[in-house]
Amino acid sequence: MSQALDPIAQFRLDGKVAIVTGASSGLGARFARVLYAAGAHVAVTARRLDRLESLVADLPGAFA
């Protein structure tokens, strides 16, 4: 499908890096997942390392 016919294409983040703070739970974790789904390389930070590691395990290529 061409970009002109795909309204979602303008929101793709392929090749971009997103840094998400507070990503161990709640909105931070959700934003990390959405940005990843949009094609961004995701770096997540938070105080709870065990939860970050769990999130990163769900997002191949992401890192804490």
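Heads up: numbering here begins at 1 and tracks the sequence. No hydrogens, no waters, no symmetry mates; every other heavy atom, side chains included, goes into these values.
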Just do the side chain to side chain contact (heavy atoms under 4.5 Å, CB included) check on Arg51 and Leu55 with the steps written out, would you? CA-CA 6 Å; Arg51 291 186 181 191; Leu55 177 62; over 6 Å; no
If you draw a 6.0 Å radius around CZ in Arg30, do more than 12 non-hydrogen atoms from other residues or ligands fall strictly inside? no
Look up atom CG in Leu52 and atom CZ in Phe63, then write down how far apart they are to the nearest 0.5 Å. 12.0 Å
Decide side chain to side chain contact (heavy atoms under 4.5 Å, CB included) for Asp58 and Arg33; before the verdict, give the C-alpha distance in whole Å, the side-chain angles of both, and the deciding distance to 0.1 Å. CA-CA 9 Å; Asp58 291 342; Arg33 292 178 189 282; 3.2 Å; yes
Check: Tyr36 side chain, Pro60 main-chain N or O, donor-acceptor pair, under 3.5 Å: yes
What's the spacing between Asp6 CG and Arg12 CZ if we round to 0.5 Å? 9.0 Å
Is there a side-chain contact between Val44 and Val56 in this structure, where contact means two heavy atoms from C-beta onward sitting under 4.5 Å apart? yes
Atom pair CZ/OG1 of Arg47 and Thr21 - distance to nearest 0.5 Å: 11.0 Å
Considering only NZ, NE, NH1 and NH2 on the basic side and carboxylate oxygens on the acidic side, decide whether Asp50 and Arg48 come within less than 4.0 Å. no
Step-by-step side chain to side chain contact (heavy atoms under 4.5 Å, CB included) determination, Leu35 to Leu13: CA-CA 7 Å; Leu35 292 166; Leu13 297 173; 3.5 Å; yes
